[in-house]
Amino acid sequence: MDLNFSAEDSAFRDEVRAFIRDHYPAYLNEKIHEGEEMAKEDFLAWHKVLHQKGWVVPAWPTEYGGTGWTATQRYIWSEETAAADTVRLMPFGLSMVGPVIYTFGTPEQKAKFLPRILSGEDWWCQGYSEPGAGSDLASLRTRAERFTGDDGKEYYRVNGQKTWTTMAQHADWGFFLVRTDPTAKIQEGISFLLIDMKTSGITVRPIITLGGEHEVNEVWLEDVIVPVENRVFHENKGWTCAKFLLAHERTGIAGVAASKRNVERIKDVACKTEDGGEALMANPFFKRKVAELEVDLAALEYTELRTLAGESSGKGPGPESSLLKIKGTEIQQRLTELALEAAGTYGAPYFRSMGEGDNSFAVGPDSARRTAPVYFNMRKTSIYGGSNEIQRNIIAKMVLGL
Ligand SMILES: Cc1cc2nc3c(=O)[nH]c(=O)nc-3n(C[C@H](O)[C@H](O)[C@H](O)COP(=O)(O)OP(=O)(O)OC[C@H]3O[C@@H](n4cnc5c(N)ncnc54)[C@H](O)[C@@H]3O)c2cc1C
């Protein structure tokens with residue numbers, strides 16, 4: 001593995017850095033910093049800038065809108081966007097259903113959906129999990145029954161409930177796993193459907209999370225009629241699409257670049273925070289925690305670089321993605337714990353979920369403002385995308401051969 005960046009890569013880094021500096025909508029960071037709720041248009045503002053530049057889906061094949069960047073260039077891109085603290089693009093269209101459609105979809109599906117995913121016109125949500133089907137996803141029970149309509153066309157009638165559906169309240173379309181053959185072995189009777197979220201019979205109900213945010217939802221489907229042409233890949237073979245998508249979901253989840261930025265931010269706060277007459281950063285217990293995090297983060301970074309080097313030489317993401325997910329999310333959570341510790345009592349007024357906190361006027365230093373909401377919000381990372389326990393099972397089986 002060659003860890004030195006080439007002259008071309010360094011020039012690319014300069015180009016990316018200049019582009020972000022000149023084109024990133026700065027008001028977004030002010031909004032985040034002020035703790036204001038982000039609207040759909042806010043998430044889309046950066047998306048649209050990148051779409052115009054042709055940089056919205058670096059990892060897609062160029063024929064569908066990808067940039068053709070090397071794995072190293074994609075790594076530089078993720079480092080630079082993290083360093084500049086740009087808003088995260090919503091992954092459901094760009095990183096999840098988009099790759100499923102260009103890999104398994106019909107020419108009509110590609111023509112209809114891919115351009116609108118790229119432009120941001122269609123916002124997607126993921127209808128996989130159900131009450132009783134999370135880690136054991138294949139036991140899902142949402143049912144799709146096929147019938148011929150009065151117009152002679154083929155349709156599915158869908159009934160069931162999905163849960164934890166992130167951002168469904170804003171979604172134009174959803175990709176759903178549904179059971180089309182209840183008599184087949186559980187993984188063999190599932191199909192992958194694209195459903196217009198405005199279809200009659202769909203109800204989206206909010207779930208307010210520990211952080212006091214409306215990010216996830218319950219989605220109820222009652223006699224929802226979906227044209228068969230909206231099914232991706234063969235009937236009862238949706239599990240193939242589901243597994244392909246999950247592998248994509250886990251890559252990039254390590255979040256090394258963002259964690260590096262957060263370590264620096266915590267160090268900066270701890271240098272300015274007084275603790276018993278001296279800077280918190282001078283406290284040996286605190287300093288030790290920061291140092292341990294930095295060591296683990298460096299190890300994670302090299303593991304990610306090794307995976308990247310493998311990808312450059314044609315090796316697809318394997319069980320390494322499970323490893324990156326576990327270590328990456330553990331580090332992200334430890335960072336939020338340390339940030340809250342550094343904020344101390346000034347974090348408390350912003351405990352939104354307690355019903356009483358979330359001061360509308362500032363208390364304490366600005367840096368304390370987002371620590372509690374982010375701390376609570378980040379508890380999710382070890383659960384979603386396949387819980388960390390499940391990732392450990394994958395490593396035990398695929399890497400250790402247990
Ligand atoms: C914030 C958030 C956003 C989400 N967004 C979406 C979304 O947009 N779309 C979507 O479809 N889903 C979404 N999910 C759902 C997520 O994928 C599931 O929560 C996850 O797969 C775990 O399933 P579960 O919640 O049913 O827990 P369970 O599967 O019931 O697991 C409960 C606990 O048991 C452990 N466990 C279960 N089985 C095993 C085993 N075999 N070995 C060891 N331990 C085990 C788990 O690790 C976990 O700790 C989201 C979840 C969260 C928290």
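In each ligand, atom 1 is the first atom listed, and ligand 1 is the first ligand listed. The first residue of the sequence shown is numbered 1, and numbering continues consecutively from there.
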Got a salt bridge between R146 and E235, using NZ or NE/NH1/NH2 to carboxylate O under 4.0 Å?
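Yes, this pair counts.
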
Mind checking whether [X] and [Y] have side chains closer than 4.5 Å, heavy atoms only?
| X | Y | result |
| --- | --- | --- |
| Q161 | E130 | no |
| F175 | I101 | no |
| V216 | T166 | yes |

Using a 4.0 Å cutoff against the non-hydrogen atoms of N393, which atoms of ligand 1 qualify?
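Listed by number with element: 40 (C), 41 (N), 42 (N), 43 (C).
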
Ligand 1 atoms in contact with Y128 (distance to a heavy atom under 4.0 Å)
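Close to Y128: 11 (O).
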
Which option out of [options] puts a heavy atom nearest to [atom]?
| atom | options | value |
| --- | --- | --- |
| atom 1 (C) of ligand 1 | R379, E389, M378, K380 | K380 |
| atom 36 (N) of ligand 1 | S382, A133, S135 | S135 |
| atom 50 (C) of ligand 1 | W164, W124, F175 | W164 |
| atom 18 (C) of ligand 1 | S129, G174, G127, A171 | S129 |

Is it the side chain, the backbone, both or neither of [X] that has a heavy atom closer than 4.0 Å to ligand 1?
| X | value |
| --- | --- |
| T166 | both |
| N388 | neither |
| T209 | neither |

I need the single residue from R231, E145, R143 that forms a side chain to side chain donor-acceptor pair (under 3.5 Å) with Y156. Which is it?
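Exactly one pass, corresponding to R231.
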
Kindly check if the number of other-residue, nucleotide or ligand heavy atoms within 6.0 Å of CZ (R379) is above 12?
yes

Enumerate, atom names and distances included, each donor-acceptor pair closer than 3.5 Å involving a side-chain atom of residues 52-62, sequence neighbours excluded.
| from | atom 1 | to | atom 2 | distance (Å) |
| --- | --- | --- | --- | --- |
| W60 | NE1 | L94 | O | 2.8 |

